[in-house]
Amino acid sequence: MTRALFIVDVQNDFTEGGALGVTGGAAVAQAITEHLATHASDYDLIIASRDWHNAEGDNGGHFAADPDFVDTWPVHCVAETNGAAYHPALEVSGVTHHVKKGQGKPAYSLFEGQTEDGVTVAAVLRQHGVLSVDVVGIATDYCVRASVLDAIEHGVDVRVLTTMIAGVAAESSHRAIEEMGHAGAEIVED
Ligand SMILES: [Zn+2]
């Protein structure tokens with residue numbers, strides 16, 4: 001079975017010390033690297049996304065001076081800045097497709113982004129006949145959730161590897177995991 005790994009937004013701004021750092025983000029980066037050291041060959045494709053916003057403007061109302069941390073956020077992941085870079089503990093040498101999303105607009109799901117060749121993730125999955133996806137990354141309650149729900153919509157089997165995700169808030173992360181499970185994702189606890 002053709003299987004892919006999605007590594008969602010493991011970037012400096014979403015890890016401790018970043019503009020929108022979540023607790024456990026750096027540990028997620030490390031855990032994914034360890035997972036890849038032993039399991040990279042389980043995957044035909046490894047697709048990593050980065051939030052990649054414009055420096056100018058509010059990116060379609062995504063940035064706000066007084067953010068609500070639900071629909072509006074502090075400035076984060078501005079293209080080409082250190083905050084937008086992959087966390088240094090994440091080993092990206094095995095990544096087959098680098099996806100950028102959010103240029104000038106909010107984009108939570110990695111399906112909203114494009115590869116460096118300008119191809120959508122949906123097209124990449126189709127081209128390679130991917131039937132199964134494992135999802136890891138940040139944040140459980142936003143970009144992981146949105147990416148998982150979109151993957152299910154695209155008809156692939158989805159597993160969420162919960163030892164390699166971290167969320168903005170405990171309550172919304174718990175709800176997101178329940179929602180992903182109800183939508184059809186397999187929630188893998190260990
Ligand atoms: Zn963003």
Side-chain angles (χ1 to χ4, degrees), residues 1-18 21-22 24-52 77 79-103 107-140 142-148 150-152 154-167 180 185-190:
M1 177 181 286
T2 305
R3 181 183 292 274
L5 178 68
F6 287 174
I7 303 172
V8 178
D9 295 14
V10 181
Q11 296 169 264
N12 286 323
D13 269 347
F14 294 137
T15 53
E16 291 88 341
V22 307
V28 162
Q30 188 63 45
I32 295 168
T33 293
E34 288 167 15
H35 178 67
L36 288 173
T38 49
H39 289 87
S41 63
D42 293 357
Y43 302 106
D44 300 284
L45 305 178
I46 299 175
I47 301 175
S49 65
R50 276 171 290 180
D51 216 17
W52 200 258
C77 297
E80 310 295 348
T81 64
N82 183 58
Y86 291 119
H87 188 278
L90 179 69
E91 175 56 59
V92 293
S93 61
V95 171
T96 59
H97 296 79
H98 295 276
V99 169
K100 291 173 179 167
K101 61 183 177 64
Q103 296 96 328
Y108 295 98
S109 166
L110 93 177
F111 282 86
E112 296 177 70
Q114 293 191 340
T115 69
E116 288 171 331
D117 297 330
V119 179
T120 65
V121 172
V124 170
L125 296 183
R126 264 199 315 276
Q127 283 162 9
H128 293 269
V130 171
L131 298 175
S132 170
V133 174
D134 285 353
V135 183
V136 298
I138 305 168
T140 307
Y142 292 92
C143 294
V144 169
R145 171 187 171 277
S147 299
V148 164
D150 271 355
I152 293 167
H154 282 84
V156 296
D157 287 337
V158 180
R159 301 196 308 173
V160 182
L161 307 185
T162 60
T163 58
M164 289 174 268
I165 59 175
M180 292 185 283
E186 180 184 349
I187 308 300
V188 179
E189 305 282 356
D190 54 15

Taking the side chain from [X] and the backbone from [Y], do they hold a donor-acceptor pair closer than 3.5 Å?
X	Y	value
Gln11	Asp51	yes
Glu91	Ser93	yes
Glu16	Gly21	no
Thr115	His98	no

Side-chain touch [X]/[Y], heavy atoms, less than 4.5 angstrom:
X	Y	result
Tyr108	Lys101	no
Tyr86	Ile7	no
Ile187	Met180	yes
Phe14	Val8	no

Restricting to non-hydrogen atoms, name the atom on [X] and the atom on [Y] that form the minimum distance, rounded to 0.1 Å.
X	Y	value
Ser132	Met1	CB-SD, 3.3 Å
Gly102	Ala107	N-CB, 3.5 Å
Thr163	Asp190	CG2-CA, 3.9 Å
Val130	Val133	CG1-CG2, 3.9 Å
Val99	Leu110	CG1-O, 3.8 Å
Ile138	Val144	N-CG2, 3.6 Å

Exercise for review: Applying salt bridge (Lys or Arg N to Asp or Glu O under 4.0 Å), name anything that partners Arg145, two or more places apart in sequence or on another chain.
Suggested key: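 Salt bridge (Lys or Arg N to Asp or Glu O under 4.0 Å) list for Arg145, sorted by chain: Glu179.
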
Return all side-chain donor-acceptor pairs below 3.5 angstrom for residues 41-49, not counting sequence neighbours, or 'none' if the list is empty.
unit_1, atom_1, unit_2, atom_2, d
Tyr43, OH, His35, NE2, 2.9
Tyr43, OH, Asp134, OD2, 2.6
Asp44, OD2, Arg3, N, 2.9
Ser49, OG, Asp9, N, 3.2
Ser49, OG, Asp9, OD1, 2.7

Practice item. Let me know which of Thr38, Thr33, Ile32 forms a side-chain contact (heavy atoms from CB on, under 4.5 Å) with Leu36. Key: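 Only one of Thr38, Thr33, Ile32 forms a side-chain contact (heavy atoms from CB on, under 4.5 Å) with Leu36, namely Ile32.
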
Practice item. Look at the rings of His97 and His128 and say which category their plane angle falls in: under 30° parallel, 30 to 60° tilted, over 60° perpendicular. Key: perpendicular

